[in-house]
Undergrad: 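For reference, the structure I am asking about is given below.
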Protein chains: 2
Amino acid sequence: MQSIGEAARETGVTAKMIRHYDSIGLVKPSVRSDAGYRYYADADLHALRFVKRARNFGFSLEQTATLLALWRDRHRASAAVKSMALAQVAALDAKILELQAMRQTLVHLAQNCRGNQRPECPILEDLSA
Amino acid sequence: MQSIGEAARETGVTAKMIRHYDSIGLVKPSVRSDAGYRYYADADLHALRFVKRARNFGFSLEQTATLLALWRDRHRASAAVKSMALAQVAALDAKILELQAMRQTLVHLAQNCRGNQRPECPILEDLSA
DNA sequence: CGCATCCTTCCCATTATTGGAAGGATGCGG
DNA sequence: CCGCATCCTTCCAATAATGGGAAGGATGCG
């Protein structure tokens with residue numbers, strides 16, 4: 001049983017966020033002391049690391065909660081998990097395309113801007129067009 | 001002089017957001033009636049469209065405020081604008097790379113997940129590893 | 001004149017995280 | 001065994017940008 005500080009050190013999730021995950025019901029400590037201290041069992045630490053990784057993949061906390069429930073269910077079908085992963089890939093694709101379009105337009109505008117002491121600048125001209 | 005509703009229709013910025021931009025000092029109406037109604041001059045509408053475009057390029061409101069100030073300054077050097085645009089390109093690049101890395105890992109995991117009724121799934125296994 | 005539609009301000013919610021304050025609990029050195 | 005450092009607790013607030021809604025006043029038109 002680890003205190004919240006120890007759990008934070010071991011999982012790389014800040015104590016602040018661990019309390020937050022507790023408050024929203026995502027990962028709750030197995031034990032609360034009489035004084036209210038949170039104590040995390042190994043399985044809890046595992047869940048915290050799971051959450052951290054899912055967040056790194058860009059899953060929202062809500063998606064992460066679903067994945068966590070699936071992970072805890074030994075009998076779930078892998079299809080449910082796979083479809084979530086593919087949906088996340090599609091969301092990432094859309095976001096990437098959007099950012100690439102922004103980037104390309106900006107690069108194009110910047111290439112046509114002298115970037116000197118004179119005021120002429122197609123970037124602002126385009127923004128105001 | 002357009003009322004906020006007319007300004008919203010003409011610029012595509014919602015009345016809600018126009019009020020918000022006023023409250024944070026980004027774009028203020030040229031005139032306020034005795035009753036407190038906001039009235040927007042052509043230059044104000046221009047500024048609202050400018051803001052909308054800058055936001056479409058992924059500039060933050062703070063960056064947008066700077067660009068707007070540069071745009072309003074007839075004597076600014078184009079170098080200042082160009083460096084902001086290039087900084088934004090760099091930020092977009094970093095974000096794109098990050099999303100591509102997420103995407104690739106997820107695709108790889110999903111490819112190795114059968115996605116059937118059985119529980120075996122490398123996606124969850126990786127998340128919990 | 002009355003009703004529909006607009007407008008105002010103010011408050012709250014979202015998403016995920018971070019910050020701080022005020023106060024209680026624990027642990028260790030002297 | 002006392003006091004201090006460090007941990008912990010809860011609550012409140014802020015971030016960025018937008019949206020939703022309530023309560024109430026203003027306007028416009030028939």
Side-chain angles (χ1 to χ4, degrees), chain A residues 1-40 44 47-68 88 91-92 95 98-99 102, chain B residues 1-40 44 47-68 88 91-92 95 98-99 102:
Chain A
M1 284 307 193
Q2 324 279 320
S3 71
I4 196 172
E6 291 163 340
R9 255 170 262 126
E10 290 194 20
T11 63
V13 181
T14 64
K16 200 88 184 179
M17 289 312 299
I18 294 179
R19 286 191 199 97
H20 181 58
Y21 291 156
D22 179 9
S23 77
I24 63 175
L26 186 62
V27 179
K28 288 193 161 294
S30 295
V31 173
R32 281 273 196 153
S33 75
D34 290 349
Y37 280 30
R38 294 167 179 85
Y39 288 99
Y40 289 85
D44 302 329
L48 287 172
R49 285 188 210 101
F50 183 102
V51 168
K52 194 180 184 196
R53 282 170 193 248
R55 298 285 303 125
N56 277 339
F57 279 128
F59 287 105
S60 68
L61 280 190
E62 197 176 354
Q63 287 175 309
T64 300
T66 303
L67 287 171
L68 198 52
Q88 177 62 8
L92 289 172
K95 193 74 190 165
E98 189 189 340
L99 295 183
M102 289 178 192
Chain B
M1 283 307 193
Q2 324 279 321
S3 71
I4 195 172
E6 291 163 340
R9 255 170 261 126
E10 290 194 21
T11 64
V13 180
T14 65
K16 199 92 183 180
M17 289 313 299
I18 294 179
R19 286 193 198 95
H20 181 58
Y21 292 156
D22 178 9
S23 77
I24 64 175
L26 186 62
V27 179
K28 289 194 162 293
S30 295
V31 173
R32 281 272 198 155
S33 75
D34 291 348
Y37 280 28
R38 294 167 179 83
Y39 288 99
Y40 290 84
D44 302 330
L48 286 173
R49 286 188 210 100
F50 183 101
V51 168
K52 194 180 184 197
R53 284 171 192 249
R55 297 284 303 123
N56 278 338
F57 280 128
F59 286 106
S60 68
L61 281 190
E62 197 176 353
Q63 287 176 308
T64 301
T66 303
L67 287 171
L68 198 52
Q88 178 62 7
L92 289 172
K95 194 72 190 165
E98 188 189 341
L99 295 183
M102 289 178 193

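Because only heavy atoms are used, hydrogens play no part in the values below, and waters and symmetry mates are left out as well, while side chains stay in.
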Undergrad: To the nearest 0.5 angstrom, please state how far the CE atom of B:Met1 sits from the CG atom of B:Asp44.
TA: 7.0 Å

Undergrad: Find the distance B:Asp22:CG to D:dT18:C1' and express it as a whole number of Å.
TA: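 In whole Å, D:dT18 C1' lies 16 Å from B:Asp22 CG.
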
Undergrad: Expressed as a whole number of angstroms, how long is the span from B:Met17:CE to D:dT18:P?
TA: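 For the pair B:Met17 CE and D:dT18 P, the rounded distance is 4 Å.
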
Undergrad: Can you measure B:Ile18 atom CD1 to C:dC6 atom P for me and round it to whole angstrom units?
TA: 14 Å

Undergrad: Is any side-chain N of the basic residue among B:Arg32 and B:Asp22 closer than 4.0 Å to the acidic one's carboxylate O?
TA: yes

Undergrad: Considering only D:dG19, C:dT17, C:dG19, which nucleotide approaches the side chain of B:Lys16 most closely?
TA: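 Among the listed nucleotides, the one closest to the side chain of B:Lys16 is D:dG19.
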
Undergrad: First locate atom CD of A:Glu6, then atom OH of A:Tyr39, and finally report the distance between them rounded to the nearest 0.5 Å.
TA: 8.0 Å

Undergrad: To the nearest 0.5 Å, what is the distance between CD (B:Gln88) and CE (A:Met102)?
TA: 8.0 Å

Undergrad: To the nearest 0.5 angstrom, please state how far the OH atom of B:Tyr37 sits from the OG atom of B:Ser3.
TA: 9.0 Å

Undergrad: Could you check which residues of residues 23-40 of chain B get a heavy atom under 4.0 Å from DNA chain D? Sort them by number, please.
TA: B:Ala35, B:Tyr37

Undergrad: Within this structure, what is the CZ-to-P distance between B:Phe59 and D:dA16, rounded to whole angstrom?
TA: 17 Å

Undergrad: Are the side chains of B:Val51 and B:Val13 in contact, using a 4.5 Å heavy-atom criterion?
TA: no

Undergrad: Tell me the interatomic distance from A:Glu62, atom CD, to C:dT17, atom P, rounded to whole angstroms.
TA: 14 Å

Undergrad: Give a yes/no answer on whether the side chain of A:Arg19 brings an N or O atom under 4.0 Å of OP1 or OP2 in D:dC11.
TA: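 Answer is no, no contact under 4.0 Å.
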
Undergrad: Between C:dT17 and A:Thr14, is there an OP1 or OP2 to side-chain N/O distance shorter than 4.0 Å?
TA: no

Undergrad: Where the side chain of B:His20 is defined as all heavy atoms beyond and including C-beta, which of D:dG20, C:dT17, D:dT18 is the nearest nucleotide?
TA: D:dT18

Undergrad: Let me see the working for B:Arg49 and B:Lys52 under side chain to side chain contact (heavy atoms under 4.5 Å, CB included), right down to the final yes or no.
TA: CA-CA 5 Å; B:Arg49 286 188 210 100; B:Lys52 194 180 184 197; 5.5 Å; no

Undergrad: Take the protein atom CZ of A:Arg55 and the nucleotide atom P of C:dT15, then report the distance between them rounded to whole Å.
TA: 11 Å

Undergrad: With both distances under 3.5 Å as the test, what is the Watson-Crick or G-U wobble partner of D:dG28?
TA: C:dC3

Undergrad: Rounded to the Å, how far apart are A:Leu48 CG and C:dT17 P?
TA: 12 Å

Undergrad: Do B:Leu67 and B:Phe50 have side chains that get closer than 4.5 Å, going by heavy atoms?
TA: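 Yes - at least one pair of side-chain heavy atoms lies under 4.5 Å apart.
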
Undergrad: Could you state the interatomic distance from OG1 (B:Thr11) to CZ (B:Arg53), rounded to the nearest 0.5 Å?
TA: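 Output value for this atom pair is 11.5 Å.
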
Undergrad: Check the phosphate of D:dA17 against B:Tyr21, side-chain N and O only, distance under 4.0 Å to OP1 or OP2. Yes or no?
TA: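 It does not, given that no N or O in the side chain of B:Tyr21 lies less than 4.0 Å from OP1 or OP2 of D:dA17.
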
Undergrad: Of the residues in residues 2-12 of chain A, which ones touch DNA chain D at a heavy-atom distance under 4.0 Å?
TA: A:Ser3, A:Ile4, A:Gly5

